[in-house]
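A quick write-up on the structure given underneath.
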Amino acid sequence: MDADNDSDTYSGERLLNVVDVEATCWEGEPPPGQVNEIIEIGLTVVDLRARERVAKHRLLVRPARSEVSPFCTELTGLTQADVDGGLTFTEACRALASEHGTGLLPWASWGDYDRKQFTLQCGRTGTEYPFGHRHTNAKAVFTTAYGLRRRPGMAQALELAGLPLEGRHHRGDDDAWNIAALVLDVARRGDWPAVG
């Protein structure tokens with residue numbers, strides 16, 4: 001399904017973007033002069049009315065102030081060569097807004113890391129923030145829906161929900177796809193909040 005051709009695309013009632021990012025990381029502190037930067041953006045479009053995932057996207061992003069460490073490659077599978085062919089962060093944000101309606105659709109992520117990383121990196125680079133204000137912390141909603149005391153990681157949440165982990169953990173597109181499955185699980189229970 002091409003979400004852009006759906007007449008309800010931007011109503012906020014039907015479609016939700018689920019976003020997950022991977023960023024440069026190190027086993028300890030960043031090397032001198034380097035900072036955490038987004039290197040992969042995964043986006044899954046969820047049709048809340050039909051209760052299905054309808055599209056899966058991936059953007060690779062070329063870091064400007066850091067390099068992919070061996071630790072980061074081990075965690076994500078991404079290498080410096082992979083991200084060297086990616087978009088600049090500004091280009092990636094423009095693509096999110098123009099191709100995926102991120103400024104118009106509500107969106108969700110697992111926790112607040114992704115939202116905060118975009119806010120930080122947009123501020124640092126002078127890039128226009130690509131999302132609207134309608135963000136849902138899917139981890140918090142899941143925790144409440146399941147009556148948990150502690151907020152679980154995504155893999156643990158999938159286990160609790162009886163859902164498989166599809167693809168590779170710590171890959172943006174696969175994590176967004178799995179988080180979208182958790183969103184739909186919560187929605188089927190009637191616990192996903194209405195986003196206005």
Side-chain angles (χ1 to χ4, degrees), residues 1-3 6 8-23 25 36 38-61 75-78 92 96 99-119 130-196:
M1 176 186 157
D2 182 354
D6 188 324
D8 290 328
T9 295
Y10 301 126
S11 70
E13 296 295 319
R14 182 169 190 174
L15 298 182
L16 171 77
N17 281 327
V18 176
V19 176
D20 184 81
V21 303
E22 301 303 325
C25 54
N36 293 100
I38 293 169
I39 54 174
E40 184 184 35
I41 304 164
L43 185 148
T44 293
V45 182
V46 173
D47 185 327
L48 290 167
R49 204 176 302 156
R51 301 278 196 257
E52 62 183 2
R53 297 171 288 186
V54 294
K56 180 180 181 183
H57 305 283
R58 174 183 189 225
L59 296 171
L60 288 178
V61 184
L75 185 69
T76 66
L78 294 168
L96 287 171
E99 297 169 28
H100 304 291
T102 54
L104 302 169
L105 286 174
W107 68 293
S109 60
W110 195 256
D112 267 336
Y113 173 81
D114 307 81
R115 184 180 61 79
K116 288 178 179 175
Q117 184 63 30
F118 268 105
T119 301
F131 300 100
H133 67 280
R134 297 175 298 164
H135 174 262
T136 302
N137 179 334
K139 183 192 281 194
V141 174
F142 182 91
T143 302
T144 301
Y146 274 78
L148 305 174
R149 288 185 179 181
R150 296 178 138 193
R151 293 182 179 181
M154 184 202 76
Q156 185 186 2
L158 289 166
E159 275 186 45
L160 289 167
L163 297 169
L165 194 158
E166 299 178 62
R168 179 183 176 133
H169 195 10
H170 300 299
R171 277 302 277 270
D173 56 341
D174 290 336
D175 281 357
W177 185 255
N178 286 304
I179 295 162
L182 291 165
V183 167
L184 289 171
D185 174 72
V186 171
R188 286 185 196 102
R189 296 164 62 100
D191 292 324
W192 188 257
V195 183

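Scanning both residues, Arg51 and Ala187, for their nearest heavy atoms gives NH2-O, 3.3 Å. Here the closest non-hydrogen pair linking Pro152 and Thr143 is CD-OG1, 3.4 Å. The two residues Tyr113 and Ala23 make their nearest non-hydrogen contact at OH-CB, 3.4 Å. Nearest heavy atoms, Ala155 versus Leu165: CB-CD1, 3.9 Å.
A 4.5 Å side-chain heavy-atom check between Leu148 and Phe142 finds at least one atom pair inside the cut-off. Between Thr76 and Glu40, every side-chain heavy-atom pair lies at or beyond the 4.5 Å cut-off. At a threshold of 4.5 Å between non-hydrogen side-chain atoms, the residues Val61 and Ile41 count as touching. Taking the side chain as every heavy atom from C-beta outward, Asn36 and Gln117 approach each other to under 4.5 Å. At least one side-chain heavy atom of Pro193 sits under 4.5 Å from a side-chain heavy atom of Thr136.
Here the straight-line distance linking atom CG of Asn17 with atom CG of Leu105 works out to 5.0 Å at 0.5 Å rounding. In this structure, the separation between CZ on Arg14 and CG on Asp47 is 4.0 Å, given to the nearest 0.5 Å. To the nearest 0.5 Å, atoms CE (Met154) and OG (Ser109) are separated by 13.0 Å. With rounding to the nearest 0.5 Å, the separation of CG in Leu96 from CZ in Phe131 is 5.0 Å. Note that CG of Leu184 is 9.5 Å distant from CG of Leu163, once rounded to the nearest 0.5 Å. Rounding to the nearest 0.5 Å gives a distance of 10.5 Å between CZ of Phe118 and NE2 of His135.
Note that Arg189 lies in the cation-pi zone of Tyr146, set by a 6.0 Å cut-off to the ring centre and a 45° limit from the axis. By the 6.0 Å and 45° rule, Arg134 does not stack over the aromatic ring of Trp107.
Partners of Asp112 according to the side chain to side chain donor-acceptor pair (under 3.5 Å) rule, which considers only residues two or more places apart in sequence or in another chain, are Arg115. Residues passing the salt bridge (Lys or Arg N to Asp or Glu O under 4.0 Å) test with Glu22, sequence neighbours excluded: none. With sequence neighbours excluded, the residues satisfying side chain to side chain donor-acceptor pair (under 3.5 Å) with Asp174 are Lys56. Under the side chain to side chain donor-acceptor pair (under 3.5 Å) criterion, Arg168 pairs with no residue at all, not counting sequence neighbours. A search for salt bridge (Lys or Arg N to Asp or Glu O under 4.0 Å) contacts involving Glu159 returns nothing, not counting sequence neighbours.
The one candidate from Leu16, Thr44, Asn178 that meets the side-chain contact (heavy atoms from CB on, under 4.5 Å) condition with Val183 is Leu16. Partner Leu182 forms a side-chain contact (heavy atoms from CB on, under 4.5 Å) with one of Val18, Val141, Leu160, Leu158 and no other, that one being Leu158. For the side-chain contact (heavy atoms from CB on, under 4.5 Å) test with Asp114, the passing option among Asp20, Asp175, Ile179, Ile38 is Asp20; the others fail.
Listed for the Arg58 side chain is no donor-acceptor partner under 3.5 Å among the backbone atoms of Leu43.
Listed by first then second residue, pairs satisfying ring pair (Phe, Tyr, Trp, His ring centres under 6.0 Å) with a partner in residues 154-175 number zero, not counting sequence neighbours.
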